Colleague: 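Take a look at this one; I'll ask things after.
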Amino acid sequence: MKHPPGRNGPPRTPRLPRRARRLVTAGYALLALAVVTDLASNPDVTLSPVLATAPVLASVGTRRPRVPLTTGLAATLLIVPLLGFSDSEVPLAVHMTSGFAVLAVTCVSTANVVLVATRERELLQSRSVAEAAQDTLLRPPPERVGGLRTAVRYMAAAADARVGGDLYEALATPYGTRLLVGDVRGKGLDAIATAADVLGTFREAAHVEADLATVAGRLDAAMRRRRPREEFVTAVLIGVPEGGGPAEMVNCGHLPPLLLRDGRVTEVETPVPQPPLALLELTGDVYHRRTFAFERGDLLLLYTDGVTEARDASGDFYPLAERLAGMPETAPRALLDRVVADLVAYAGGDLCDDAALLAARREA
């Protein structure tokens with residue numbers, strides 16, 4: 001869950017996990033027990049130093065500096081008039097030492113809350129910039145592209161995961177409709193910059209290159225120019241001609257697309273594995289395309305590993321092909337809504353990585 005900063009204040013206080021809440025509650029209970037014991041014990045014994053834990057407990061889970069500050073001041077006042085009167089035979093120097101200890105811990109706890117709140121605000125601002133850049137980069141394609149009806153879904157990971165580099169595109173070109181789904185190695189702004197390079201190259205090359213394998217080669221060349229960053233991208237390119245006929249695919253080290261036909265799901269595999277973008281020169285080869293039957297009424301699903309690597313409570317991966325075969329929806333938008341809901345429920349509400357899906361149904 002994200003906790004955006006308020007307009008005029010620190011980020012909202014995150015809700016502590018249940019186990020942490022229990023430990024903090026136990027700490028408060030022990031602190032109260034110490035105060036009661038002190039009041040009930042002999043006047044020559046004091047437990048006032050334990051009150052130094054009060055501002056520490058108050059600082060747990062809060063992003064408001066006044067919480068530990070107020071708690072520490074209250075604990076200091078508790079020492080002087082209450083415990084000082086109850087423990088009348090304890091030397092005044094002991095009570096003063098306890099009071100100074102509480103004030104010192106209060107200052108440290110308050111400063112820690114300010115530091116955490118500041119860093120959390122900076123992190124949220126950086127993430128917001130990255131997400132805005134990613135949203136601008138990943139424009140949703142129109143519902144109809146050429147002879148296809150399309151839909152996309154992008155799911156951000158849990159808040160503690162950084163923004164990822166999943167990418168997708170669907171274009172109507174002079175050579176038919178061309179689809180792209182890819183996944184950049186790495187996270188954050190660097191991954192988004194890499195995705196921008198790949199998408200920019202694809203959007204230009206897809207309109208001027210008749211051969212889909214040549215388009216993939218140009219993507220690889222664009223990535224090689226970024227090699228000092230040691231990045232690579234897994235990607236799958238699909239070409240669907242106008243007016244019928246088989247589709248073509250170039251798979252650059254990506255997960256195989258799934259073809260849904262008459263309730264049956266099959267993988268569109270590549271006979272010979274091909275390397276991710278930026279790594280083609282290691283093989284001394286070129287990319288090769290293959291054709292496959294993609295008929296009217298068929299649905300093609302492209303996805304990233306954030307989908308198939310989602311785990312349930314027992315650690316099992318999400319069985320996308322198996323779940324897809326049991327879903328009655330055939331329209332891309334309805335099907336993806338069903339897949340996303342099923343995936344989130346399977347993973348218990350949190351994904352460990354960003355996930356992108358692109359569904360395309362052939363209607364002409």
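Below, all heavy atoms of this structure are taken into account, side chains as well, without hydrogens, waters or symmetry copies. The shown structure was predicted, so the numbers you read here are calculated from the model rather than taken from an experiment.
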Colleague: Can you tell me how far the CG atom of Leu212 sits from the CD1 atom of Ile238, to the nearest 0.5 Å?
Modeller: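 Rounded to the nearest 0.5 Å, the CG-CD1 separation comes to 7.5 Å.
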
Colleague: Set out, in order, the CA-CA distance, both residues' side-chain angles and the distance that settles side-chain contact (heavy atoms from CB on, under 4.5 Å) for Thr308 and Phe317, then state yes or no.
Modeller: CA-CA 6 Å; Thr308 53; Phe317 291 116; over 6 Å; no

Colleague: Under the side-chain contact (heavy atoms from CB on, under 4.5 Å) rule, collect the residues that match up with Ala20, sequence neighbours excluded.
Modeller: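 Counting only residues at least two positions away or on another chain, Ala20 forms a side-chain contact (heavy atoms from CB on, under 4.5 Å) with Leu16, Pro17.
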
Colleague: Quick one: pull up NE2 in His207 and OH in Tyr175 and give me the separation to the nearest 0.5 Å.
Modeller: 10.0 Å

Colleague: Going by the rule side-chain hydrogen bond (donor to acceptor under 3.5 Å, both in side chains), which residues pair with Arg362 if we only count those two or more places apart in sequence or in a different chain?
Modeller: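 Partners of Arg362 under the side-chain hydrogen bond (donor to acceptor under 3.5 Å, both in side chains) test: none.
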
Colleague: Side chain of Thr177, backbone of Val145: donor and acceptor closer than 3.5 Å?
Modeller: yes

Colleague: Hey, could you give me the OG1/CG distance between Thr71 and Leu57, rounded to the nearest 0.5 Å?
Modeller: 9.0 Å

Colleague: Tell me, please, which residues at least two apart from Asp183 pass salt bridge (Lys or Arg N to Asp or Glu O under 4.0 Å).
Modeller: none

Colleague: Should Val67 and Leu69 be regarded as members of a common hydrophobic cluster, given that ILVMFWY residues are connected when their side-chain heavy atoms come within less than 4.5 Å of each other, either directly or indirectly?
Modeller: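 No, it is not one cluster - the side chains of Val67 and Leu69 are not joined through contacts under 4.5 Å.
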
Colleague: Supply the atom-to-atom distance Leu277 CG to Arg218 CZ, rounded to the nearest 0.5 angstrom.
Modeller: 13.5 Å

Colleague: For side-chain contact (heavy atoms from CB on, under 4.5 Å), just list the numbers for Met155 and Leu357, CA-CA rounded to whole Å, side-chain angles, deciding distance to a tenth of an Å, and then say yes or no.
Modeller: CA-CA 9 Å; Met155 293 169 287; Leu357 302 107; 3.5 Å; yes

Colleague: Go through the structure and list residues passing side-chain contact (heavy atoms from CB on, under 4.5 Å) with Thr70, not counting sequence neighbours.
Modeller: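 Partners of Thr70 under the side-chain contact (heavy atoms from CB on, under 4.5 Å) test: Arg66.
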
Colleague: I'd like to check Leu301 versus Val265 (side-chain heavy atoms, cut-off strictly below 4.5 Å). Are they in contact?
Modeller: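 Side-chain contact under 4.5 Å: no.
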
Colleague: How close do Val215 and Ala205 get, heavy atom to heavy atom, and via which atoms?
Modeller: CG2-O, 3.8 Å

Colleague: Name all pairs fulfilling the side chain to side chain donor-acceptor pair (under 3.5 Å) condition that reach into residues 315-325, sequence neighbours left out, sorted by first residue then second.
Modeller: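 Passing the test, one end in residues 315-325: Ser314-Asp316, Tyr318-Asp342, Arg323-Asp342.
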
Colleague: Less than 4.5 Å apart, any side-chain heavy atom of Leu302 and any of Tyr168?
Modeller: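 Sidechains of Tyr168 and Leu302: no contact.
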
Colleague: Would you say Thr150's side chain and Pro142's backbone share a donor-acceptor pair under 3.5 angstrom?
Modeller: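 Between the backbone of Pro142 and the side chain of Thr150 there is a qualifying donor-acceptor contact (under 3.5 Å).
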
Colleague: Just to verify, what does Arg333 make a salt bridge (Lys or Arg N to Asp or Glu O under 4.0 Å) with, not counting sequence neighbours?
Modeller: Glu143

Colleague: In chain order, what residues pass the salt bridge (Lys or Arg N to Asp or Glu O under 4.0 Å) check against Arg338, with sequence neighbours excluded?
Modeller: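 Applying salt bridge (Lys or Arg N to Asp or Glu O under 4.0 Å) to Arg338 gives Glu329.
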
Colleague: Using modelled atom types and a 3.5 Å cut-off, is there a donor and acceptor pairing between side-chain atoms of Arg178 and backbone atoms of Ala206?
Modeller: yes

Colleague: CZ of Arg63 to CD of Glu120: how many Å apart, nearest 0.5 Å?
Modeller: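 Output value for this atom pair is 4.5 Å.
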
Colleague: Pairs under 3.5 angstrom only: tabulate donor-acceptor contacts from the side chains of residues 99-117 to other protein residues two or more places apart or in another chain.
Modeller:
residue: Thr106; atom: OG1; partner: Val102; partner atom: O; Å: 2.7
residue: Ser109; atom: OG; partner: Val105; partner atom: O; Å: 2.9
residue: Thr110; atom: OG1; partner: Thr106; partner atom: O; Å: 2.8

Colleague: Are the side chains of Thr194 and Met223 in contact, using a 4.5 Å heavy-atom criterion?
Modeller: yes

Colleague: Report yes or no: does Asp220 contribute a side-chain atom to a donor-acceptor pair with the main-chain N or O of Ala278 at less than 3.5 Å?
Modeller: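 Looks like yes, one N/O pair under 3.5 Å.
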
Colleague: Among all residues two or more places apart in sequence or in another chain, which pass the side-chain hydrogen bond (donor to acceptor under 3.5 Å, both in side chains) test with His288?
Modeller: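 Scan of His288 (side-chain hydrogen bond (donor to acceptor under 3.5 Å, both in side chains), adjacent residues dropped) gives Asp285.
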
Colleague: With the 4.5 Å side-chain cut-off for hydrophobic clustering, are Val24 and Val56 part of the same group?
Modeller: no

Colleague: Ignoring hydrogens, what is the shortest heavy-atom contact between Pro276 and Phe232? Give both atom names and the distance.
Modeller: CB-CD1, 3.7 Å

Colleague: Could you go through residues 245-262 and list every donor-acceptor pair under 3.5 Å that involves a side-chain atom there, pairing it with any protein atom two or more places apart or in another chain?
Modeller:
residue: Glu248; atom: OE1; partner: Arg289; partner atom: NH1; Å: 2.9
residue: Asn251; atom: OD1; partner: Gly253; partner atom: N; Å: 3.4
residue: Asn251; atom: OD1; partner: His254; partner atom: N; Å: 2.7
residue: Asn251; atom: ND2; partner: His254; partner atom: O; Å: 3.2
residue: His254; atom: ND1; partner: Thr234; partner atom: OG1; Å: 3.0
residue: His254; atom: NE2; partner: Tyr303; partner atom: O; Å: 2.7
residue: Arg261; atom: NE; partner: Asp298; partner atom: OD1; Å: 3.1
residue: Arg261; atom: NE; partner: Asp298; partner atom: OD2; Å: 2.9
residue: Arg261; atom: NH2; partner: Ala293; partner atom: O; Å: 3.1
residue: Arg261; atom: NH2; partner: Asp298; partner atom: OD2; Å: 2.7

Colleague: For residues 18-29, which residue pairs qualify under salt bridge (Lys or Arg N to Asp or Glu O under 4.0 Å), counting only residues two or more places apart or in two chains?
Modeller: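 Residue pairs with at least one partner in residues 18-29: there are none.
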
Colleague: Could you tell me whether the side chain of Arg153 and the main chain of Ala359 form a donor-acceptor pair under 3.5 Å?
Modeller: no

Colleague: As a quick check of understanding, evaluate side-chain contact (heavy atoms from CB on, under 4.5 Å) for Leu179 and Leu148, giving each step before the final call.
Modeller: CA-CA 10 Å; Leu179 312 176; Leu148 303 179; 4.2 Å; yes

Colleague: Going by salt bridge (Lys or Arg N to Asp or Glu O under 4.0 Å), name the residues that satisfy it together with Glu363, two or more places apart in sequence or in a different chain.
Modeller: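 Checked Glu363 against salt bridge (Lys or Arg N to Asp or Glu O under 4.0 Å); matches are Arg144, Arg149.
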
Colleague: Return the OG1 to CZ distance between Thr266 and Phe292, rounded to the nearest 0.5 Å.
Modeller: 9.5 Å

Colleague: List the atom of Ala360, the atom of Phe294, and the distance in Å for their closest heavy-atom pair.
Modeller: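 Scanning both residues completely, I find the closest heavy atoms to be O-CZ, 3.6 Å.
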
Colleague: Establish whether Val340 and Leu351 are linked, either directly or via other cluster members, by ILVMFWY side-chain heavy-atom contacts under 4.5 Å.
Modeller: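 They do share one cluster, since a chain of ILVMFWY contacts under 4.5 Å joins Val340 to Leu351.
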
Colleague: I'd like to check Leu180 versus Leu199 (side-chain heavy atoms, cut-off strictly below 4.5 Å). Are they in contact?
Modeller: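 They are in side-chain contact.
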
Colleague: Treat each ILVMFWY residue as a node, draw an edge where side-chain heavy atoms are under 4.5 Å apart, and state whether Val152 and Leu237 are in one component.
Modeller: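 Yes, because Val152 and Leu237 connect within a single hydrophobic cluster, where side-chain heavy atoms sit under 4.5 Å apart.
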
Colleague: Please find the pair of heavy atoms, one from Arg203 and one from Leu171, that lie closest to each other, and give the distance.
Modeller: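 That closest heavy-atom pairing would be CA-CD1, 3.7 Å.
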
Colleague: Test Thr330 against Leu299 for side-chain contact (heavy atoms from CB on, under 4.5 Å), laying out the working first.
Modeller: CA-CA 7 Å; Thr330 57; Leu299 186 139; 5.8 Å; no

Colleague: Between Tyr287 (side chain) and Pro275 (backbone), is there a donor-acceptor pair under 3.5 Å?
Modeller: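 The answer is yes, because a donor-acceptor pair under 3.5 Å joins these two groups.
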
Colleague: Can you check whether Thr304 reaches Asp354 side chain to side chain, under 4.5 Å on heavy atoms?
Modeller: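 No; the side chains remain at least 4.5 Å from each other.
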
Colleague: Look at the side-chain heavy atoms of Ile, Leu, Val, Met, Phe, Trp and Tyr, link any pair under 4.5 Å apart, and say whether Leu320 and Leu336 land in one connected group.
Modeller: yes

